[in-house]
There are 2 protein chains.
Amino acid sequence: MPSPTSESAPAAPRQRSTRQRRALLAELEASEGFRSAQDIYAALRAGGEKVGLATVYRALQALVESGEVDQVQSDVGEAAYRLCSRTHHHHLVCRQCGRTVEIAGPAVEKWANRVAEDNGYEDVSHSVELFGVCPVCQKQARQRK
Amino acid sequence: MPSPTSESAPAAPRQRSTRQRRALLAELEASEGFRSAQDIYAALRAGGEKVGLATVYRALQALVESGEVDQVQSDVGEAAYRLCSRTHHHHLVCRQCGRTVEIAGPAVEKWANRVAEDNGYEDVSHSVELFGVCPVCQKQARQRK
DNA sequence: TGCTAGAATGAGAATCGTTATCATTATGAC
DNA sequence: GTCATAATGATAACGATTCTCATTCTAGCA
């Protein structure tokens, strides 16, 4: 299906900076662990930001695509987002409070690539997430008993 | 909260074997890679099995809890299930056709435990999934060009 | 500075996967 | 067979996410 008319410029898919997106970025920057889209939306509204839910989803998606934000799929099927450094890495997430530690795993990278190669798979990506209970939550659990 | 009346037997939480569950198991046994609950439900119905969607979800959940079935969260937030061997392992899944290879990763297990320990996290579990394009799909993609 | 194309927005409807409800049915121990 | 109760299934409810579309805002340009 060819385009109906001729075109000249490649028309780079630009990305505009809006008040809402800046607020979203700021919210993410102030966050510790992963946040769900719903959660971020609620926080922005609570902070007086006038923003729609659809916009939050769209902006988040754009950020994930541009690589500025990491996205993980929680065990209940909800997506969670977090501002991320450029380098590839993984996460150790507290099951209870969401506190997150970024971990670099060069060993895992190599292992993943080798396994994929051995099986003839190409274009391989991997998802490695560790879940546990962080020291703070451990202490709280003990006191409760 | 003590039980209202005295009891004698520990009342093992039994699990009944029904026509629907057997059909579900059979369907899983005949499957190659991960299947979504919806997909399994459709297949059962297509095969003439009289079974409700809710039942599929319940049975699948029970199987996951009993450790007979593995569950992964696909990137679109849909849950996928697969009959599994008892030993702990991970998966290399084809992004296109879902073809799955089970992989054992003792190195990864150790790495995960050490990282968690180093950070003071306890009760750690991990999720490791590799995604790629399997040889078959690679060939098809090349022919299409 | 004002103008303008089109990117971005937002309210709400629509999807879609999953779970809860509850009356009915089937299982399996006796 | 009887019976307690686990399992079922039709359907409603739910929650996250995406779509729609009319309106607003951004940023490049005259």
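Sequence lines set the chain letters: A, B, ... in the order given, protein chains first and strands last, and positions in each chain run from 1.
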Write down the distance between [atom1] ([X]) and [atom2] ([N]), rounded to a whole number of angstrom.
X	N	atom1	atom2	answer
A:Y41	D:dA16	OH	P	13 Å
B:R22	D:dA7	CZ	P	13 Å
A:R19	D:dT26	CZ	P	8 Å
A:L53	C:dA13	CG	C1'	13 Å

Ignoring the backbone of [X], work out which of [options] is nearest its side chain.
X	options	result
B:E78	D:dT8, C:dT18, D:dT17	C:dT18
B:Y57	C:dG17, D:dT20, C:dT27	C:dG17
A:R16	C:dA7, D:dT17, D:dT20	C:dA7
A:T18	D:dT26, D:dA7, D:dT20	D:dT26
B:A54	C:dG28, C:dA20, D:dT17	C:dA20
B:Q61	C:dT18, C:dT19, D:dT17	C:dT19

Any side-chain donor near an acceptor of the partner, B:R22 and B:S17, under 3.5 Å: yes
Given the options B:E27, B:R35, B:E29, B:L83 meets side chain to side chain contact (heavy atoms under 4.5 Å, CB included) only with B:E29
Can you tell me if B:R21 touches the phosphate of D:dA7, counting only side-chain N or O atoms and a distance under 4.0 Å to OP1 or OP2?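 B:R21 to D:dA7 OP1/OP2: side-chain N or O found under 4.0 Å.
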Quick check for you: to the nearest 0.5 Å, what is the distance between A:I103 atom CD1 and A:L130 atom CG? 4.0 Å
To the closest 0.5 Å, what do you measure between CG (A:L53) and CZ (A:R45)?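 Between atom CG of A:L53 and atom CZ of A:R45 there are 9.0 Å.
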Tightest non-hydrogen contact, residues B:V56 and B:A37, listed as CG1-O, 3.9 Å
Taking DNA chain D as the partner, which of residues 45-52 of chain B come within under 4.0 angstrom of it by heavy atom? B:K50, B:V51, B:G52
Over all strands shown, is [X] touching base, sugar-phosphate only, or nothing at heavy-atom distances under 4.0 angstrom?
X	value
B:S17	sugar-phosphate
A:A79	sugar-phosphate
B:T55	base
B:Q38	base

Test: side-chain hydrogen bond (donor to acceptor under 3.5 Å, both in side chains). Region: residues 47-57 of chain A. Which pairs qualify, not counting sequence neighbours? A:R19-A:E49, A:Q38-A:Y57
Are any of the side-chain heavy atoms of B:L60 and B:Y41 separated by less than 4.5 Å? no
Return whichever of B:A37 or A:R58 has its heavy-atom-nearest nucleotide of DNA chain C closer to the 5' end.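 On the 5' side of the pair lies A:R58.
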